[in-house]
Number of protein chains: 2
Amino acid sequence: MEILSARSAFAALAQETRLAAFRLLVRAGPAGLPAGEIARALGTAPSTLSTHLGLLQRAGLVSSERRSRRIVYRADFEGVGALMRFLMQDCCKGHPAVRAAIGGEAA
Amino acid sequence: MEILSARSAFAALAQETRLAAFRLLVRAGPAGLPAGEIARALGTAPSTLSTHLGLLQRAGLVSSERRSRRIVYRADFEGVGALMRFLMQDCCKGHPAVRAAIGGEAA
DNA sequence: CCGTTAATTCGATAATTATCGAAATATGGA
DNA sequence: TCCATATTTCGATAATTATCGAATTAACGG
């Protein structure tokens, strides 16, 4: 993962509404959630959420698929994995403390 | 790690100059680097960099120590580890694809 | 105590980002 | 075809963030 993509992923997750939307999608699992339902759950205007979802998607953290009138969003775990790799390898050079942090306490 | 701290860490790494400063500190290792040297290396005004370093520190990603006239900054790998745990556990519920991403390709 | 160096805090300005309503696009059903 | 639903795109405005120079704080050496 290049620095630019990493930055856009970090930026995507730094924003309150977007992080909430992403976590919601993680919980929703493979079924995903339509845009409107996410907007309702988070109490934001559909247009605002659409902007956020677009940003999450360009950051590679979610994917979308049209299903009739709805557009269903899903968490993209490949994208999250790429971000974690960046954080661990490119960024932290596989530093022991970082590896321990995730190896020791991981669920 | 709480959501708010995670957000501040993501925001810290999302900014170009800050990410560059952080990566520089990772490479510098335990010896760390004084603020002025980082500013010179990145070509930013000392005051600007000081703001960025303060933000990185509040996000728990770097630590600082005064050494005579200099203030030496170091990467805080505990903080990075906490962020990775958040990403893996709180955020992604230990999803297999995420675990595989770091387990399979880690250096 | 004064001058020098190193860093931070402050205040202003520029740049970016978030938010929303209105308008546009796409889908499906009567 | 027309209408209702679902979402996106557009344009404007509000809010946040980045940047810098000037002033301030801190540490050292003469």
Side-chain angles (χ1 to χ4, degrees), chain A residues 3-25 28 31-76, chain B residues 3-25 28 31-76:
Chain A
I3 289 191
L4 210 86
S5 345
R7 285 218 296 125
S8 72
F10 286 134
L13 296 174
Q15 208 278 334
E16 183 168 19
T17 306
R18 281 195 299 262
L19 180 55
F22 178 74
R23 282 161 63 89
L24 206 58
L25 288 176
L33 283 174
E37 210 168 312
I38 304 173
R40 212 173 318 117
L42 301 181
T44 59
S47 64
T48 301
L49 196 81
S50 180
T51 304
H52 285 315
L53 288 172
L55 205 149
L56 279 166
Q57 186 163 30
R58 281 190 298 280
L61 295 170
V62 307
S63 63
S64 72
E65 179 200 1
R66 181 175 279 276
R67 271 192 155 255
S68 169
R69 267 180 286 198
R70 313 256 170 91
I71 296 184
V72 172
Y73 284 86
R74 291 181 190 81
D76 182 341
Chain B
I3 291 189
L4 211 85
S5 341
R7 284 218 297 127
S8 72
F10 286 134
L13 296 175
Q15 209 277 334
E16 183 168 19
T17 306
R18 279 194 301 264
L19 180 55
F22 178 74
R23 282 161 63 90
L24 206 57
L25 288 176
L33 284 174
E37 211 167 312
I38 304 173
R40 212 172 319 116
L42 302 181
T44 59
S47 63
T48 301
L49 196 82
S50 180
T51 305
H52 285 315
L53 288 172
L55 206 148
L56 279 166
Q57 185 162 31
R58 283 191 296 281
L61 296 170
V62 307
S63 63
S64 72
E65 179 201 1
R66 181 176 277 277
R67 272 189 155 255
S68 171
R69 268 180 284 198
R70 313 259 169 88
I71 296 184
V72 172
Y73 284 85
R74 290 182 192 79
D76 183 341

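Chain naming here is simple, since letters A, B, ... match the order of the sequence lines and numbering starts at 1 in each. Keep in mind that this is a model prediction, so the values were computed, not measured.
- In this structure, CD of A/Glu65 is placed 14 Å from P of D/dT8, rounded to the nearest angstrom.
- Note: CG (B/Leu49) to C1' (C/dT8) measures 12 Å, nearest angstrom.
- Distance check: B/Leu49 CG to B/Arg40 CZ gives 11.5 Å after rounding to the nearest 0.5 Å.
- In terms of phosphate contacts, B/Tyr73 brings a side-chain nitrogen or oxygen within less than 4.0 Å of OP1 or OP2 of C/dT8.
- Rounded to an integer number of Å, the gap from CZ of B/Arg66 to C1' of C/dT8 is 9 Å.
- B/Ile38 contributes atom CD1, which lies 5.0 Å from atom CG of B/Leu53 (distance to the nearest 0.5 angstrom).
- Listed candidates were C/dA6, D/dT8, C/dT8. Nearest to the side chain of B/Ile71 is C/dT8.
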Listing time: all N or O pairs from protein to nucleotides 28-30 of chain C that are below 3.5 Å?
none

Quiz: residues 6-15 of chain A side-chain donor-acceptor pairs under 3.5 angstrom, not counting sequence neighbours:
from: A/Arg7; atom 1: NH1; to: B/Ala14; atom 2: O; distance (Å): 2.8
from: A/Ser8; atom 1: OG; to: A/Ser5; atom 2: O; distance (Å): 2.9
from: A/Gln15; atom 1: OE1; to: A/Thr17; atom 2: N; distance (Å): 2.9
from: A/Gln15; atom 1: OE1; to: A/Arg18; atom 2: N; distance (Å): 3.1

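- For the pair B/Arg40 CZ and C/dA6 C1', the computed distance is 10 Å after rounding to whole Å.
- Taking the salt bridge (Lys or Arg N to Asp or Glu O under 4.0 Å) definition, one finds that B/Arg74 meets it with B/Glu65, sequence neighbours left out.
- Applying the side chain to side chain donor-acceptor pair (under 3.5 Å) criterion to B/Gln57, with sequence neighbours excluded, gives B/Ser64.
- For the salt bridge (Lys or Arg N to Asp or Glu O under 4.0 Å) test, no residue two or more places apart in sequence or in another chain qualifies with A/Arg23.
- Separating the CD atom in A/Glu16 from the OG1 atom in A/Thr44 is a distance of 11.0 Å, to the nearest 0.5 Å.
- B/Leu19 CG to B/His52 NE2: the interatomic distance, rounded to the nearest 0.5 Å, is 11.5 Å.
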Contact pattern, 5' to 3', of nucleotides 15-22 of chain D - B, S or - by protein heavy atom under 4.0 Å: ---SSBBB
